[in-house]
J.: 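What follows is a single structure, and I will ask about it in a moment.
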Amino acid sequence: KKRIVVLISGTGSNMLNIAEHCQESKSQANKINGDVVAVIANRADAAGLAKAAELGIATEFVPHTNFANREDYDQALVERVQSYQPDLIILAGFMRVLTSVFVSAFTDRIMNIHPSLLPKYKGMHTHQRALDAGDTEHGVSVHFVTEELDGGPVILQSRVPIFPEDTAEDLQERVHEQEYRIYPLVVRWFCADRLKLTEEGAVLDGALLGAEGYA
Ligand code: GAR
């Protein structure tokens, strides 16, 4: 079984969904061949920490305050993550930019979920930006993490429609439903050794995934 460490900053609903897919209760077909061995948050008030603890998962709070720069924080984070000897690191609403100190310590083993159809809308406030642009569709991307912010190779995307009366909250909710479908699926592929990050990009079952992902 693969060892998974999840980094969060808030609610942790994606973390919880993935943890549940690792546990026996889910159907065998959807089961992830892995264990969430730790959940680490950079904020003490991250609600996901308590939820993970309820599932019997080790939790840690690694505050980003009191560090001179991002690199120093990332080095502290590397040490905490490393202590769990993870095969895979999952960013699930972890709202910090990671430097090369972190990314290079776990090459090819970090994934993120980002609430937009990358390469559109990197960064924050993606739902509002899609509305402001008058887009008719929006979505979510799971991608490998590289040193370029929200720029690593896309693995899988899911699209949702935007309706005329939508608010950012409506859109966030619609996107969340898709997040709960695609993130566990991608993690399952990785844990079954079907998915890899290569120099060319993300490869599933030996086939290079296109710039916009598999779906
Ligand atoms: C998710 O919608 C995720 O896509 C987004 O944060 C939310 C976390 O929700 N991530 C980012 O915006 C990353 N830049 P959760 O804590 O309930 O899983």
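Atoms within each ligand, like the ligands themselves, are counted from 1 in listed order.
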J.: Any N/O of G12 closer than 3.5 Å to an N/O of ligand 1?
T.: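 Such a contact does occur with ligand 1.
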
J.: Which residue and atom name correspond to the protein heavy atom nearest atom 4 (O) of ligand 1, and how close is it?
T.: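 Here the closest protein heavy atom is E179 OE2, 2.5 Å.
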
J.: Pull out every atom of ligand 1 sitting under 4.0 Å from any heavy atom of H114, numbered as shown with elements.
T.: 14 (N)

J.: Does CZ belonging to R188 count more than 12 external heavy atoms closer than 6.0 Å?
T.: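 Atom CZ in R188 is packed in, count exceeds 12.
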
J.: Checking H114 now: which residues fulfil ring-ring contact (aromatic ring centres under 6.0 Å, His included) with it, not counting sequence neighbours?
T.: none

J.: Side chains of Q75 and E71 only: does a donor on one sit below 3.5 Å from an acceptor on the other?
T.: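 Judged by distance alone, the side chains do not pair up.
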
J.: Do Y180 and ligand 1 have an N or O pair less than 3.5 Å apart?
T.: no

J.: Nearest protein heavy-atom contact for atom 9 (O) of ligand 1: which residue, which atom, what distance?
T.: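 Sorting protein heavy atoms by distance from atom 9 (O) of ligand 1 puts H176 NE2, 3.5 Å first.
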
J.: Can you sort out which atoms of ligand 1 are near G93, meaning under 4.0 Å from one of its heavy atoms?
T.: 6 (O), 8 (C), 10 (N)

J.: Assess the residue pair N112 and Y183 against the criterion (side-chain hydrogen bond (donor to acceptor under 3.5 Å, both in side chains)); give the C-alpha distance rounded to whole Å, side-chain angles, the decisive distance to 0.1 Å, and a yes or no.
T.: CA-CA 9 Å; N112 182 39; Y183 216 176; 5.2 Å; no

J.: For I8, state whether at least one heavy atom is located under 4.0 Å from any atom of ligand 1.
T.: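 Contact absent.
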
J.: Do V145 and V78 share a hydrophobic cluster (ILVMFWY, side-chain heavy atoms under 4.5 Å, transitive)?
T.: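 Yes, one cluster joins them.
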
J.: Less than 4.0 angstrom from a charged side-chain N to a carboxylate O is my criterion; do D87 and R3 meet it?
T.: no

J.: Would you mind checking which non-hydrogen protein atom is closest to atom 11 (C) of ligand 1, with the distance to 0.1 Å?
T.: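 Answer, as residue, atom name and distance: P115 CD, 3.6 Å.
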
J.: Would you mind checking if D193 and K2 are paired as a salt bridge, meaning a charged N to carboxylate O distance below 4.0 Å?
T.: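 Salt bridge: yes.
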
J.: Are any of the N or O atoms of D150 closer than 3.5 Å to those of ligand 1?
T.: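 No: no nitrogen or oxygen of D150 is under 3.5 Å from one in ligand 1.
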
J.: Is the shortest side-chain N to carboxylate O distance from R96 to D74 below 4.0 Å?
T.: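 Judged by the 4.0 Å cut-off on N to carboxylate O distance, R96 and D74 do not form a salt bridge.
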
J.: Any heavy atom of M95 sitting closer than 4.0 Å to ligand 1?
T.: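 Yes, that is the case, since the closest heavy atom of the residue is under 4.0 Å from the ligand.
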
J.: Among protein heavy atoms, which lies nearest atom 17 (O) of ligand 1, and at what distance?
T.: S13 OG, 2.5 Å

